[in-house]
Amino acid sequence: MQTLTKNTLDSLEQGKINMSKEPTPAQIASERIYATMGVSDSEYDLICTILGRKPNYTEIGVFSVMWSEHCAYKNSKPLLKRFPTTGERVLMGPGEGAGIVDIGDGQAVCFKIESHNHPSAVEPYQGAATGVGGIIRDIFSMGARPIATLNSLRFGKLTDERVRYLFEHVVSGIAGYGNCIGIPTVGGEVMFDSSYEGNPLVNAMCVGLIDHEDIQRGVASGVGNPVYYVGPATGRDGIHGATFASEELTEESEAKRSAVQVGDPFMEKLVMEACLELIQSGIVIGIQDMGAAGLTCSSAEMASKAGNGLELNLNEVPQREQGMTPYEMMLSESQERMLFVIEEHNEPIAMEIFERWGVICRKVGRVTDDGRLRLVYGSEVVADMPVRGLVDECPVYEKPSQVPAYYTKNEAVDTNRYEEVTDVNDALLKVLASPTVASKEWVYRQYDSMVRASTSVAPGSDAAVVLVRGTRKALAMTTDCNGRFTYLDPYMGGRIAVAEAARNVVCSGAEPLAITDNLNFGNPEKPENFWQMEQSVDGMAEACRHFDTPVIGGNVSLYNENAKDAIYPTPVVGMVGLVHDTDHITTQGFKQAGDVVILLGDTKAELGGSEFQLVIHGVTEGRPPVLELDTELRLQKTVLKLIQDGLVKSAHDVSEGGLAVAIAESAISGGIGAEVEVSAEGLRTDVALFSESQSRIVLSVSPEAADAVVEACTQNEVPVQRIGVVGGDRISIQVNGQQAIDVAQHEAERVWKDAIPCLMQ
Amino acid sequence: MKVAVLVFPGSNCDFDCVHAVEETMTDGAVERVWHTTEDLTGYDLIIVPGGFSYGDYLRSGAIARFAPVMNAVAKAAEAGVYVLGICNGFQILTEAGLLPGVLRRNTGMKFRCHSSMLRVARPDTAFTSEYKQDELINIPIAHGEGNYYCDDETLAKLQANGQIVFTYDDNPNGSLNDIAGIVNEKGNVLGMMPHPERAVSDLLGSSDGVRMFTSIMKAWRERHANVN
């Protein structure tokens with residue numbers, strides 16, 4: 001165990017490894033060096049108690065990342081407990097790399113979302129690329145074959161040069177990684193609002209398929225079993241990435257570019273194929289990826305889950321640079337690395353696989369029975385810490401929460417006080433040209449959305465649909481969150497985020513299964529921010545219970561702040577649904593002239609947080625639309641049944657931009673016009689067209705099916721209105737008998753498609 | 001009919017090609033063949049699939065051409081075995097000198113993935129006999145380096161010999177003369193940037209790629225019948 005690699009010996013001889021330059025335990029205490037790693041005074045004292053002495057530099061480094069928000073959820077744990085996490089179909093809930101849900105026939109779907117916000121703010125290409133790489137590893141470390149990725153992005157306004165730079169390079173980074181590794185990027189969302197200026201959000205979701213018997217866990221079981229390191233050598237990149245992610249971005253953040261990792265998708269492709277083959281061989285006892293906090297987190301967590309200890313021989317860790325210290329090796333977030341445990345006698349099987357794929361695999365340690373994480377370097381023990389202390393004993397904080405002043409003030413805001421917009425044609429074109437609503441083709445055309453030859457509905461519809469080969473089933477997937485709604489009312493916004501995701505999945509012909517969530521918030525130490533978190537989580541949890549779509553995993557990203565303020569609270573929901581038969585796959589575009597257009601749901605005067613309010617009136621204020629859970633569930637169940645009965649030609653949920661935009665999008669996607677006449681009693685024309693009232697869906701159905709659809713809706717108490725006919729080359733909408741919108745379909749399409757490319761030129 | 005789908009480190013359309021063959025070529029028995037293989041005797045069709053072989057580091061296809069299996073591909077091509085290079089496979093075949101020209105960065109400098117309409121310029125090859133002259137077919141593209149280029153002399157030769165098999169209806173990448181796919185002089189090696197293996201079912205948006213695979217099968221049967 002104590003053999004030194006030549007590299008290390010050389011370095012030691014040449015004096016390149018100089019751990020004596022590191023602060024001593026006494027200096028760490030007296031100079032409060034721990035504070036620069038994000039460890040508080042009381043946490044430091046607790047660490048001393050746990051160790052029974054002062055930690056050395058390596059140890060305090062290891063503790064600081066294990067006790068960061070990113071790894072320990074110390075500020076969010078009490079809130080996360082409020083989520084429903086179990087259900088009939090849930091095979092694996094939160095706690096492992098990713099959650100898993102049964103889809104029948106011995107198969108299951110495995111998915112998770114994760115953020116890479118801070119890295120992307122300072123190094124957009126690599127930040128976004130490694131975000132994709134990290135979430136893919138989470139999926140294949142469970143034994144699942146990744147079949148699709150999605151991403152949920154938020155940026156400031158595209159008129160800002162820095163924002164355009166971030167947007168351009170984040171998209172390139174996602175494309176660069178996903179395209180090369182050969183996993184299709186099938187969907188997601190992009191929204192633009194000045195709230196995200198300086199602190200963009202980059203959340204990546206990966207979906208995998210797995211047979212039940214292949215499900216893996218990250219456990220280091222079996223005392224004496226060897227532990228193996230897989231993947232490229234460890235470098236100095238990404239040191240303290242998890243800590244970096246758990247503090248506010250400041251002007252100095254730019255100087256922390258070194259905390260951003262560098263990705264190599266080609267390497268990850270090899271590691272992925274080799275690991276999936278290793279798992280298929282049936283010899284794996286435990287496997288986990290080295291994500292946040294690298295070797296530290298993966299080794300401590302694997303030991304913790306088995307209730308064991310782990311001894312790592314750092315001399316054996318492959319190193320990219322000379323003279324790396326134990327501190328650097330433990331905290332490096334070099335990418336594309338995995339850790340696994342097998343029985344010693346199976347080593348030749350593993351080695352054959354990794355050799356064939358040309359991937360480094362090295363025995364670096366052993367499972368022990370003493371519950372300690374012990375690090376050996378040179379010939380000495382350089383760190384010795386109890387696993388429980390690292391993983392389970394981080395203090396959990398119940399943060400104070402306070403209703404923000406803006407929220408109270410907004411109650412009195414009357415969102416109907418705006419002067420009526422009479423040129424609604426012009427308003428529609430303006431809203432269609434708003435980057436949040438406009439076509440994202442500029443983005444997704446850069447993504448290979450079709451590799452694996454299973455993508456049935458590519459980006460651009462309500463949800464993406466990926467076929468499950470060898471069956472008639474498919475998976476619908478989407479990400480959703482309207483940050484303006486969650487800002488104006490985090491509770492209602494949380495509900496809406498879940499409901500809209502489910503509605504998108506239903507509109508694609510799928511039954512909603514479960515969600516993964518990415519809670520993007522500001523600094524939780526500010527009581528107003530913590531209140532936003534609390535309220536959002538409650539709203540989401542309630543909706544998840546109501547729709548029976550449990551939370552099977554996710555990620556928390558706090559300290560998202562720019563120079564001005566916290567970002568809008570943005571709890572992104574990633575949802576997967578099951579299409580029971582490929583015949584049910586439905587898209588948003590109108591299909592055929594003569595088809596009847598039907599609107600489900602009620603339109604109310606709800607402009608708070610709407611795209612119209614921002615684009616036309618320049619504000620985000622008031623209360624967001626109200627989402628009623630029973631109404632929403634009835635709507636979804638009814639539409640899904642209608643789709644499954646083969647009565648629906650197209651389905652599109654009414655969201656940003658309201659009814660006018662929903663009809664325009666169905667017309668643009670279908671390449672055909674429509675003539676529509678809506679009655680909205682008591683509503684002004686502009687409000688009727690652009691209100692973002694919830695629980696509404698626009699369907700098109702064949703003339704023969706129309707009666708049956710209307711009848712089914714009436715029976716199920718879903719408000720239903722026959723509003724027009726598909727056909728022609730114009731988008732024409734009358735409201736309450738008055739002509740409101742009349743625009744050529746190709747003109748609407750041009751405005752909608754050109755908006756982002758024009759801004760990016 | 002025995003079909004080999006080559007697998008280089010970084011290939012990522014190998015399984016898609018395997019599935020396409022299984023679903024469209026009733027006589028096809030298909031195998032994934034590792035890049036270290038030195039002998040391809042016995043295969044009737046060799047598919048060089050898309051992906052990022054060796055990460056496309058250095059230049060697309062530049063490292064893959066040195067893989068041991070490429071000598072075997074050259075030998076097979078010489079012997080008249082059908083070789084189909086798709087996307088990265090096309091890039092590898094040009095790097096290996098089995099097809100003329102090069103694939104440069106797309107003119108927009110960005111990766112592009114979307115459906116694309118191809119015009120069938122030569123329906124009289126082993127790969128395209130099931131298509132009609134000038135038929136427009138929907139075959140998706142997904143590449144960052146698909147901008148076909150060759151010198152004037154080579155272009156004149158390609159034209160004179162009728163080696164330009166597919167052209168883009170709406171050139172997405174700046175390819176010379178809208179070239180999307182070419183064959184070698186003998187007509188048994190075809191390289192194309194678009195992905196026929198992704199267009200084998202209406203559920204995927206197009207089934208226009210099916211006839212490419214059935215064309216090859218037909219050609220093989222005819223050749224087989226003649227030999228017997």
Side-chain angles (χ1 to χ4, degrees), chain A residues 145-147 168 171-172 174-186 263-274 356-359 441-460 465-467 469-470 472 474 579 582-583 585 587 757 760-761, chain B residues 7-24 32 34-36 49-58 60 63 86-88 106 108-116 139-145 172 194-207 209:
Chain A
R145 161 69 67 175
I147 60 164
E168 167 108 41
V171 170
S172 299
I174 292 168
Y177 211 99
N179 296 351
C180 179
I181 196 168
I183 299 165
T185 306
V186 298
D264 179 356
F266 169 61
M267 178 53 74
E268 178 138 314
K269 167 76 175 166
L270 304 181
V271 171
M272 174 175 79
E273 295 299 341
R356 185 154 32 82
W357 283 100
V359 173
E441 192 181 341
W442 183 90
V443 176
Y444 62 71
R445 213 175 62 179
Q446 298 182 49
Y447 302 151
D448 190 340
S449 56
M450 308 175 190
V451 62
R452 293 188 54 72
S454 300
T455 308
S456 189
V457 180
V465 180
V466 177
L467 306 174
R469 210 175 266 285
R472 289 190 61 86
V579 179
T582 50
D583 284 346
I585 296 171
T587 54
M760 293 307 291
Q761 254 168 26
Chain B
V7 184
F8 299 93
S11 295
N12 62 32
C13 302
D14 46 333
F15 282 109
D16 301 352
C17 289
V18 167
H19 292 135
V21 168
E22 285 171 347
E23 284 159 23
T24 61
R32 288 166 74 240
W34 201 242
H35 59 102
T36 50
F52 287 69
S53 56
Y54 302 92
D56 272 358
Y57 295 140
L58 190 58
S60 306
I63 303 176
I86 301 167
C87 199
N88 194 223
N106 295 349
M109 300 305 279
K110 285 189 171 15
F111 191 95
R112 290 183 69 146
C113 172
H114 48 81
S115 65
S116 72
I139 310 280
I141 58 161
H143 58 248
E145 296 170 3
H195 287 270
E197 83 282 13
R198 298 186 186 181
V200 292
S201 145
D202 291 339
L203 272 175
L204 302 176
S206 171
S207 50

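Chain A is the first sequence line, chain B the second, and so forth, proteins listed ahead of strands; every chain is numbered from 1.
- Closest non-hydrogen pair, A/V451 versus B/C13, comes out as CG2-SG, 4.1 Å.
- Both the backbone and the side chain of A/R356 come within contact range of chain B, with heavy atoms under 4.5 Å apart.
- Below 30°, between 30° and 60°, or above 60°: for A/W357 and B/W34 the angle between ring planes is above 60°, a perpendicular geometry.
- How far NE2 of B/H114 is from CZ of A/R445: 5.0 Å, rounded to the nearest 0.5 Å.
- Taking each heavy atom of B/F52 and A/N179 in turn, the nearest pair found is CE1-O, 3.1 Å.
- When heavy atoms are compared at a cutoff of 4.5 Å, B/E23 approaches chain A solely by way of its side chain, counted from C-beta outward.
- Residue B/T36 does not touch chain A at all, counting heavy-atom pairs closer than 4.5 Å.
- Annotation: maximal heavy-atom pairing with chain B below 4.5 Å, among A/A458, A/S456, A/S454, occurs at A/S456.
- The shortest non-hydrogen separation linking A/M450 to B/S115 is CE-N, 4.0 Å.
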Practice problem: Just do the side-chain contact (heavy atoms from CB on, under 4.5 Å) check on A/I181 and B/N12 with the steps written out, would you? | Solution: CA-CA 7 Å; A/I181 196 168; B/N12 62 32; over 6 Å; no
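- Contact of A/S172 with chain B is not made at all, since no heavy-atom distance falls under 4.5 Å.
- Only the backbone of A/T455 comes within less than 4.5 Å of a heavy atom in chain B; its side chain stays farther off.
- In this structure, B/C113 and A/Y447 have side chains that are not in contact, with every pair of non-hydrogen atoms separated by 4.5 Å or more.
- Residue contact with chain B, scored on non-hydrogen atoms closer than 4.5 Å, is absent for A/E268.
- Each of B/H143, B/R198, B/H195 was scored for a side chain to side chain donor-acceptor pair (under 3.5 Å) with A/D448, with one residue passing: B/R198.
- Rounded to the nearest 0.5 angstrom, B/F15 CZ and A/R145 CZ are separated by 5.5 Å.
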